[in-house]
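For clarity, every value in this text was computed on a predicted model and none was experimentally measured. Each chain gets a letter, A, B and so on, in the order the sequences are listed, and its residues count up from 1.
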Amino acid sequence: AQSVTQPDIHITVSEGASLELRCNYSYGATPYLFWYVQSPGQGLQLLLKYFSGDTLVQGIKGFEAEFKRSQSSFNLRKPSVHWSDAAEYFCAVLIGSQGNLIFGKGTKLSVKP
Amino acid sequence: GAGVSQTPSNKVTEKGKYVELRCDPISGHTALYWYRQSLGQGPEFLIYFQGTGAADDSGLPNDRFFAVRPEGSVSTLKIQRTERGDSAVYLCASSLSLPGAGNTIYFGEGSWLTVV
């Protein structure tokens, strides 16, 4: 069955430190992968997406993610975290070509001053 | 507005009552989706419309849930005989066309439903 696993429920990093959020997926075909961010009381905002081509994808707000087919992973990274990055982050895989996104349970990011 | 608009933002209803949640997608977007997000979970797919028709309703949990999009724009999610387990945030999203063609799915801020 298709699934997305985000192993870390909650991560705390210091402002200015680097960040990596883990995501593993299970899907038989070529995956379309996404990272969304959700701030309290806000909707989901797309950070970046991978469809094909270069496996290192650049997104908004200085985020990037790398698709590794051999590891079934799509980890999100940022070299220097800002306090405004505190939010919940969701990894998702698109099932088929329509609108069925399978989301992970999310990783909550806290940023220490 | 520029984004996906959902009303109401919050709804408290009594168990057994009927509820309607409305979604106004981004203008020109033919694809519309409904997701449900329970506390501490990621969003779960409910239904997808392409134009006026429901192209995939495999995520609707049971026949108490129904959604329509009669003119291919605004959509309404309808929940009959609400149960406490229906309490969640209901997210609407839209995209220009099929997301598999590279189109981004844009989400609204959600309708928080509480069944007491």
Can you hop from [X] to [Y] via hydrophobic side chains spaced under 4.5 Å?
X: B:Val89; Y: B:Tyr33; answer: yes
X: A:Val81; Y: A:Ile9; answer: no
X: B:Leu91; Y: B:Phe65; answer: no
X: A:Val93; Y: A:Val37; answer: yes
X: B:Tyr106; Y: B:Leu96; answer: no

request  = Identify which of B:Gly59, B:Ala93, B:Gly108, B:Pro43 forms the greatest number of heavy-atom pairs closer than 4.5 Å to chain A.
outcome  = B:Pro43
note = Among residues 44-52 of chain A, residues within the sub-4.5 Å heavy-atom range of chain B, in order of number, are A:Leu44, A:Leu46, A:Lys49, A:Phe51
Any [X] side-chain heavy atom under 4.5 Å of [Y] side chain:
X: A:Phe103; Y: B:Tyr35; answer: yes
X: B:Phe107; Y: A:Gln42; answer: no
X: A:Leu101; Y: B:Tyr48; answer: no

request  = Please look at A:Phe34 and chain B and tell me whether the side chain, the backbone, both or neither of the residue comes under 4.5 angstrom of a heavy atom of that chain.
outcome  = neither
message = Please classify the contact of A:Gln38 with chain B as side chain, backbone, both or neither, using a heavy-atom distance under 4.5 Å.
response = side chain
note = Between B:Gly42 and A:Phe90 the two heavy atoms that sit nearest each other are CA-CE2, 3.5 Å
key: Which portion of B:Gln37 sits near chain A, non-hydrogen atoms under 4.5 angstrom   = side chain
inquiry  = What residues of residues 11-21 of chain B make heavy-atom contacts with chain A at a cutoff under 4.5 angstrom?
reply    = none
